[in-house]
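Read the numbers this way: they start at 1 and go in the same order the structure lists the ligands and their atoms. Note that these values count all heavy atoms, side chains included, but never hydrogens, waters or copies made by symmetry. Every value quoted in this text rests on a predicted model; they were computed, and no experiment measured them.
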Amino acid sequence: MTEPTREPSIFSRIIAREIPATIVYETETLLAFEDIAPQAPVHVLVVPKTERYANVVELAAGNPALLAEMVTAASHIAAERADGEFRLIFNTGASAGQTVFHVHAHVLAGSLEEGTLAH
Ligand code: 5GP
């Protein structure tokens, strides 16, 4: 039996350079790029190159070291593009605003307004 094939996520297509994005940071395991609909002066998505984990709960259970790498990446991005301080958001589940089920962190930085959330 063959596994059912799944379409690559929009983020996997960005990682494969099939869809353009403004890439700001890359490691062997992660890619970070500007959100197409920014909600803050700095709004970057940090995305593991694997789409094995749909959300941060699955990632924390399956590969906590990779989750820690995402936090470190967020800190580098905020230091380079703002004053080093940042908000890190993982929308988890459709009713919480998650629209792409390939785990990703929203890094928001740069003079955030009170109450600014990614969605
Ligand atoms: P979620 O709602 O799942 O937490 O976040 C998905 C994010 O991906 C949204 O903020 C949305 O603006 C962003 N996004 C969706 N499609 C694209 C795209 O093709 N390119 C980029 N750069 N961002 C995207």
Side-chain angles (χ1 to χ4, degrees):
M1 288 260 293
T2 51
E3 291 284 317
T5 50
R6 207 167 38 133
E7 289 293 307
S9 74
I10 185 97
F11 294 158
S12 287
R13 298 187 63 202
I14 290 173
I15 290 160
R17 282 23 181 210
E18 288 171 18
I19 294 177
T22 304
I23 292 168
V24 301
Y25 184 85
E26 183 168 20
T27 68
E28 251 179 58
T29 51
L30 303 172
L31 191 71
F33 49 88
E34 289 179 358
D35 196 291
I36 204 167
Q39 316 259 321
V42 175
H43 186 171
V44 169
L45 300 173
V46 177
V47 186
K49 290 184 175 173
T50 174
E51 65 174 277
R52 176 168 180 177
Y53 308 103
N55 60 51
V56 68
V57 177
E58 289 186 11
L59 179 63
N63 191 341
L66 184 53
L67 175 56
E69 284 180 48
M70 292 175 77
V71 176
T72 301
S75 155
H76 283 303
I77 291 160
E80 270 182 12
R81 304 172 79 84
D83 62 1
E85 301 185 342
F86 60 97
R87 191 173 295 172
L88 195 60
I89 295 173
F90 292 89
N91 293 326
T92 306
S95 71
Q98 187 175 6
T99 57
V100 179
F101 294 87
H102 175 160
V103 64
H104 55 281
H106 296 256
V107 182
L108 303 179
S111 306
L112 298 181
E113 283 168 33
E114 207 42 43
T116 306
L117 286 175
H119 303 293

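At a heavy-atom distance under 4.0 Å, no atom of Thr22 approaches ligand 1. Residue contacts with ligand 1 for Phe11 involve side-chain atoms from C-beta outward but no N, CA, C or O (heavy atoms, distance under 4.0 Å).
Within ligand 1, counting atoms from 1 as listed, the ones closer than 4.0 Å to a heavy atom of Ile10 are 19 (O). Distances below 4.0 Å separate heavy atoms of Ala37 from the following atoms of ligand 1: 12 (O).
Contact analysis leaves Gln39 out of contact with ligand 1, as no non-hydrogen atom separation drops below 4.0 angstrom. Heavy atoms of Ile89 come nearer than 4.0 angstrom to ligand 1 in no pair at all.
A salt bridge does not link Arg13 with Glu51: every distance from a Lys NZ or Arg NE/NH1/NH2 to an Asp or Glu carboxylate oxygen is 4.0 Å or more.
With ring centers used as reference points, His104 lies 6.0 Å or more from His102.
The shortest N or O to N or O distance between Thr99 and ligand 1 is under 3.5 Å. The shortest N/O to N/O separation between Ala21 and ligand 1 does not fall below 3.5 Å. Considering both main-chain and side-chain atoms, Gly97 comes within under 3.5 Å of ligand 1 through a nitrogen or oxygen pair. Polar contact check, Phe33 against ligand 1: no nitrogen or oxygen pair lies under 3.5 Å apart. For ligand 1, none of its N or O atoms has an N or O atom of His43 under 3.5 Å away.
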